[in-house]
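First the structure, in the form of structure tokens, and then the observations on it.
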Amino acid sequence: MFSPDMTTFLAGGTGTPKLLAGAGDVFDPADTTVVCNTGDDVEFGGLFVSPDIDTVLFDGGGVLDREFWWGIEGDTTTTHDELERLADAAGIPEGPRYLDADAQTSGRDISRWRRFSGAREFMTFGDEDRAVHVLRTSLLDEGESLTEVTRTLADAFDVPYDVVPMSDDPVATLIHVEERADPMHFQEYWVGERAAPTVADVEFRGADAATAATAAVDAIREGPVVVGPSNPVTSLGPMLALDALREALDETRVVAVSPFVEDDVFSGPAADLMAGTGREASTRGVADAYDFADAFVLDAADGTDLDRPVVRTDTRMDDDEDAERVARACRDALAEVGA
Ligand code: GDP
């Protein structure tokens, strides 16, 4: 049953977590569900890592390292450093070291097309952070779904809202680049290469066969949806590639916060990814990509003229007070479209 009090946030790894950090007085956490992108997920040395889920868990649990918007504040990197020392001592060439093609599609299903050797981790995992990956992987191997494991971890971190993945099936965001024949996983493109390669296309491998998580679809059907400032290609793209999720979004009230001020992006690779996939890298390009959105929150300095209702405010979020202001604008925009 639809209730305007039940709100679902769609999250990547930076923008929506920033918004959630200050949204609690506007959207009651007890009535809030956060659906996380899992296209960025990756496996290193057999450990399954869900970066966007983890940022939401650590944010909600009050332990996120807010300087980087990933990892746990004050975490140590003893295991990561020792892995590097051993790999150096053994003369193992630098990574990323993809497992071979057979290994990419055998074993644990959820890790398909994104398996890396742990011999050279090109992402840094803190020691406490790694404990989360060990627990997640172990519970997955015991037979729990990613939805169940995510909720277990959310309980462990005392997160006040429900956190669920977009799917319990593998969907891997692969970036096709001009510089080489084989696509690179999003994490190699972004963390390993700092978005230097030229984007030719973006593929969500597995999305055609994947089913959206029931909890995610049910939450979207239950009440209005807030799309925090997100990367439309690699954070929302994998979700929109899931038919049931897209259909649910078409049928509910949605407000989206622009990650741009006209054609200036706040941070990250969204502009390059939009240009590389034939979109306009701007607020207008975001609105075109989000045909399911009923209203938008734009920055006060963003004069883009859209065909849907717009609420303007200062959308830069440097602290929780900023986030609360943007959350109120989201609430106002939803009210304008009857939610
Ligand atoms: P990722 O998972 O870290 O790649 O990122 P997200 O999908 O969460 O996207 C973050 C997007 O939010 C980027 O495109 C930024 O331009 C945008 N962003 C980051 N900080 C802010 C902010 O304070 N305000 C707004 N409006 N957008 C932001």
Side-chain angles (χ1 to χ4, degrees), residues 9-23 34-42 49-59 64-71 123 165-166 173 175 185-195 199 202 204 226-240 255-277 279-283 285-287 289-290 296-302 304 310-330 333:
F9 286 71
L10 305 186
T14 311
T16 303
K18 273 188 179 180
L19 176 60
L20 282 165
V34 185
V35 175
C36 299
N37 169 44
T38 56
D40 296 1
D41 291 6
V42 73
V49 183
S50 292
D52 288 355
I53 290 177
D54 287 339
T55 297
V56 170
L57 294 177
F58 301 161
D59 191 20
L64 181 69
D65 186 330
R66 294 239 193 140
E67 192 187 334
F68 300 108
W69 289 86
W70 56 264
M123 297 171 80
M166 66 181 199
T173 300
I175 313 294
H185 187 271
F186 172 74
Q187 299 296 0
E188 181 189 1
Y189 165 78
W190 174 230
V191 180
E193 297 285 336
R194 303 315 300 173
V199 178
V202 177
F204 306 115
V226 176
V227 181
S230 298
N231 187 320
V233 181
T234 51
S235 290
L236 262 290
M239 298 192 205
L240 299 178
V255 59
V257 184
S258 179
F260 287 84
V261 180
E262 296 182 359
D263 57 3
D264 274 343
V265 75
F266 277 89
S267 61
D272 288 347
L273 286 161
M274 289 185 79
T277 51
R279 296 179 170 88
E280 191 179 311
S282 67
T283 287
V286 174
Y290 294 170
F296 287 89
V297 171
L298 303 188
D299 193 84
D302 190 332
T304 311
V310 168
V311 172
R312 285 187 170 77
T313 187
D314 175 0
T315 61
R316 173 170 292 281
M317 295 182 284
D318 289 328
D319 54 34
D320 293 358
E321 211 176 298
D322 290 341
E324 183 172 336
R325 179 184 62 244
V326 176
R328 287 198 192 285
C330 290

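When a residue number appears, it is its place in the shown sequence, counting from 1. In listed order, ligands and their atoms are each counted from 1.
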- Test side chain to side chain contact (heavy atoms under 4.5 Å, CB included) on Phe204 and Leu240 and set out the steps. CA-CA 10 Å; Phe204 306 115; Leu240 299 178; over 6 Å; no
Discussion item. Pair Thr16, Ser230 - check side chain to side chain contact (heavy atoms under 4.5 Å, CB included), show working.
Written reply: CA-CA 7 Å; Thr16 303; Ser230 298; 3.5 Å; yes
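In this structure, the side chains of Asp52 and Ser235 come closer than 4.5 Å at one or more pairs of heavy atoms. Within the 4.5 Å cutoff, the side chain of Trp70 has no heavy atoms near those of the Asp65 side chain.
In this structure, the separation between OG1 on Thr277 and CG on Asp272 is 10.5 Å, given to the nearest 0.5 Å. Considering CG of Leu236 and CG of Asn231, their distance stands at 8.5 Å, rounded to 0.5 Å.
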What short N/O contacts, under 3.5 Å, does ligand 1 make with the protein, listed by atom pair and distance?
{"residue": "ligand 1", "atom": "2 (O)", "partner": "Gly13", "partner atom": "N", "Å": "2.7"}
{"residue": "ligand 1", "atom": "3 (O)", "partner": "Thr14", "partner atom": "OG1", "Å": "2.5"}
{"residue": "ligand 1", "atom": "7 (O)", "partner": "Asn231", "partner atom": "N", "Å": "2.8"}
{"residue": "ligand 1", "atom": "7 (O)", "partner": "Ser235", "partner atom": "OG", "Å": "2.5"}
{"residue": "ligand 1", "atom": "8 (O)", "partner": "Gly13", "partner atom": "N", "Å": "3.2"}
{"residue": "ligand 1", "atom": "8 (O)", "partner": "Thr14", "partner atom": "N", "Å": "2.8"}
{"residue": "ligand 1", "atom": "8 (O)", "partner": "Gly15", "partner atom": "N", "Å": "2.9"}
{"residue": "ligand 1", "atom": "9 (O)", "partner": "Asn231", "partner atom": "N", "Å": "3.1"}
{"residue": "ligand 1", "atom": "12 (O)", "partner": "Pro229", "partner atom": "O", "Å": "3.3"}
{"residue": "ligand 1", "atom": "14 (O)", "partner": "Ser267", "partner atom": "O", "Å": "3.4"}
{"residue": "ligand 1", "atom": "16 (O)", "partner": "Pro259", "partner atom": "O", "Å": "2.9"}
{"residue": "ligand 1", "atom": "16 (O)", "partner": "Phe266", "partner atom": "N", "Å": "3.1"}
{"residue": "ligand 1", "atom": "16 (O)", "partner": "Ser267", "partner atom": "N", "Å": "3.1"}
{"residue": "ligand 1", "atom": "16 (O)", "partner": "Ser267", "partner atom": "O", "Å": "3.2"}
{"residue": "ligand 1", "atom": "20 (N)", "partner": "Lys18", "partner atom": "NZ", "Å": "2.9"}
{"residue": "ligand 1", "atom": "23 (O)", "partner": "Met317", "partner atom": "N", "Å": "2.8"}
{"residue": "ligand 1", "atom": "24 (N)", "partner": "Thr315", "partner atom": "O", "Å": "2.7"}
{"residue": "ligand 1", "atom": "26 (N)", "partner": "Ser258", "partner atom": "O", "Å": "3.1"}
{"residue": "ligand 1", "atom": "26 (N)", "partner": "Thr315", "partner atom": "O", "Å": "3.3"}

